[in-house]
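One is the number of the first residue; the rest follow in order along the sequence. Counting starts at 1 for both ligands and their atoms, in listed order. Atoms considered below: every heavy atom in the structure, side chains included; atoms not considered: hydrogens, waters and symmetry mates. What you see is a predicted model, and the numbers here were worked out from it, not measured in a lab.
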Amino acid sequence: MKRTLGTCYYPEHWPEEIWADDARRMVEAGLTWVRIGEFSWSRLEPTPGDLQWEWLDRAIETLGAAGLRVVLGTPTATPPRWMINKHPDMLAVDAHGQPRKFGSRRHYCFSHLGYREEGRRIARLMAERYGRNPYIGAWQTDNEYGCHDTTVSYSNAARDGFRIWLAERYGDIHRLNSVWGNIFWSMEYCAFDEVDLPNLTVTEPNPAHVQDFRRYSSDMVVLFNKVQVEEIKACTSAPISHNYMGRITDFDHFAVGTDLDIATWDSYPLGFLEDRVGADAAHQRAYARQGDPDFQAFHHDLYRAVGHGRWWVMEQQPGPVNWAPYNPSPLAGMVRLWTWEAFAHGAEAVCYFRWRQAPFAQEQMHAGLLRPDRQDAPAIHEAREVATELSGAPDVQFHKAPVALIFDYDADWAWTTQPHGAGLSYFSLVFDHYKALRRAGLSVDILPPDHEDFAGYRLVLAPGIMCLRDGLRQALNDAKGHVLYGPRTGARDEGFAIPVPLPPAIKGLDVTVSRVESLRPDMPVTLTDGGAVTGYLEELEGSADVLMQTSQNLPVAMATDNQIYCGAWLDAAGLDVMVALLCDRAGVERQQMPEGVRTRRTATEEFWFNHTTQSADTPFGALPPAGVLRRVL
Ligand code: GAL
């Protein structure tokens with residue numbers, strides 16, 4: 001498969017007279033793909049049942065005839081105003097019980113059966129009309145499920161759906177009472193119809209109740225997507241994708257991905273650095289025009305797994321965006337670097353958002369490849385440069401990395417449901433491990449928690465999986481490579497209770513977590529070999545070998561053969577020590593990266609990226625700021 005470029009285009013935003021010229025210029029810039037349609041419902045169906053396809057027919061014809069391949073999106077992220085008249089109770093409801101209003105986007109509740117059927121209907125109508133259109137190369141369902149905090153809704157539809165879901169899961173209300181531990185505070189129910197949603201309670205609700213509601217909410221996203229996929233699949237053999245986001249963990253992306261052919265995601269490195277990386281002010285200042293060196297790569301590796309190997313960047317930041325606290329311009333060269341970085345991690349395509357900056361509505365301060373006056377914006381020159389470079393580059397190839405890191409959405413909800421200390425998030429824990437691996441120059445595969453064959457991986461990291469299911473437990477225990485568990489591995493059972501025997505209960509590893517504590521950020525516990533524990537620490541008992549300890553000689557990490565447990569959240573220096581130790585034990589070669597420099601290896605290529613504003617040393621010579629080095633092996 002060739003590596004390709006594309007862009008996101010909204011023909012409904014522009015006079016029809018300029019579509020052909022836009023298409024010609026896209027081709028001239030070296031672009032292959034153009035994604036359209038995902039917000040266009042009010043023009044496709046201005047009033048209920050009045051379908052207006054002709055403009056879209058002409059748009060697809062114009063783009064396709066110019067030589068572009070179209071990705072067609074279903075428009076369900078933006079239900080038109082009349083939809084609210086038709087289904088007044090379809091709006092999502094926030095945790096305070098307030099319906100979220102019309103006037104932006106994503107204003108629907110995933111549990112609403114009527115709206116789900118509207119999604120099915122419009123997907124079917126689009127697929128019937130365009131399923132065999134030769135210019136449509138791929139499909140996209142909706143856009144960015146979960147964005148703007150929209151996965152969890154406390155609506156009546158959600159309440160009714162949750163009750164049915166619980167009845168199916170537990171069968172008998174007494175079983176639910178027992179699994180949740182509802183005898184505590186006399187919270188027992190007599191019937192499933194008495195169970196309400198876990199918001200607006202006087203103090204914290206039962207964590208088992210919350211965790212099940214998170215699981216239910218995720219299942220509703222899976223279902224909402226699945227009905228659209230069924231309709232599209234019936235009419236076409238083109239691949240179907242969904243376009244995911246950065247650091248959105250409210251639904252199980254692996255479960256959605258099971259029904260799809262390709263995973264795509266939206267990479268906004270500068271917006272993310274300000275908005276969701278979670279870095280300190282000094283790091284934000286140092287990388288303000290380049291973005292965090294690991295955040296995009298982490299998601300590239302994650303979405304490679306969600307897409308079963310097939311993934312794209314559907315929206316690549318091309319200049320300043322509009323939505324972060326501060327929105328600087330990228331350093332010259334970064335758009336090219338971000339594009340190559342995605343290809344280094346296995347992307348099939350990178351599409352820039354958006355073709356032309358819109359001079360109206362919410363995103364008028366968001367750059368595009370063109371300015372509002374149709375002149376070139378700076379990013380288009382870098383896109384052209386990549387297009388030229390791509391002509392001689394090898395095709396996309398899958399290559400197993402030496403290290404695997406497991407990501408479990410259920411664990412993320414569990415950490416959020418009962419964090420025990422402010423700021424303790426599963427995403428951050430896994431991301432901290434990822435960063436340490438990348439600082440050691442390692443290429444990483446992120447894997448789902450139902451992965452059951454670790455053959456070929458020298459190292460497997462599984463931090464923080466609070467509910468460790470039997471299949472994964474066994475597979476990790478059977479792995480030939482070295483396995484790092486903890487902290488909080490197996491700390492809760494399926495019903496959110498502490499299991500006995502106490503965690504982590506790993507076969508062949510005599511370690512027991514006898515007590516846990518969370519720590520203020522200003523009370524780090526230092527380690528004898530460098531670094532410190534921050535935020536969270538477990539007291540470990542047992543006869544396994546001590547690998548790491550605090551300055552007071554308390555064990556922090558213990559091991560027997562290839563099974564290793566770490567009962568602490570280590571800071572960056574501590575994680576560097578841990579990764580070095582793991583690599584030595586597992587015989588994995590590592591090379592500590594200079595600040596802001598990252599490398600990745602595939603079967604045929606080796607890449608080096610300089611995310612800093614200074615030139616940086618690599619084994620192959622100096623890399624300029626925003627520099628990319630690609631070696632064919
Ligand atoms: C994405 C979204 C786009 C656009 C973009 C702005 O999250 O999919 O529609 O809003 O952000 O950066």
Open item on the list: Please determine whether a side-chain nitrogen of the Lys or Arg among Asp57 and Arg129 lies less than 4.0 Å from a carboxylate oxygen of the Asp or Glu.
Closed with: yes
Open item on the list: Looking only at the aromatic ring of each residue, does the gap between the centers of Tyr268 and His366 stay below 6.0 angstrom?
Closed with: yes
Task: Amino acids in close contact with ligand 1, where any non-hydrogen atom sits under 4.0 angstrom away - done: Phe39, Arg105, Asn143, Glu144, Met245, Asp266, Tyr268, Glu315, Trp323, Phe353, Glu363, His366
Task: Phe102 ring center near His107 ring center (under 6.0 Å) - done: yes
For residues 322-333, tabulate all N or O donor-acceptor pairs below 3.5 Å that involve a side-chain atom, not counting sequence neighbours.
| residue | atom | partner | partner atom | Å |
| --- | --- | --- | --- | --- |
| Asn322 | ND2 | Gln362 | O | 3.4 |
| Asn327 | OD1 | Ala324 | N | 3.1 |
| Asn327 | ND2 | Ala324 | O | 2.9 |

- [ ] Using the test salt bridge (charged side-chain N to carboxylate O under 4.0 Å, His left out), find all partners of Glu117 that sit at least two apart in sequence or belong to another chain.
- [x] Arg120
TODO: If a pair satisfies salt bridge (Lys or Arg N to Asp or Glu O under 4.0 Å) and one of its residues is in residues 85-95, list it, with sequence neighbours excluded.
DONE: Lys86-Glu118
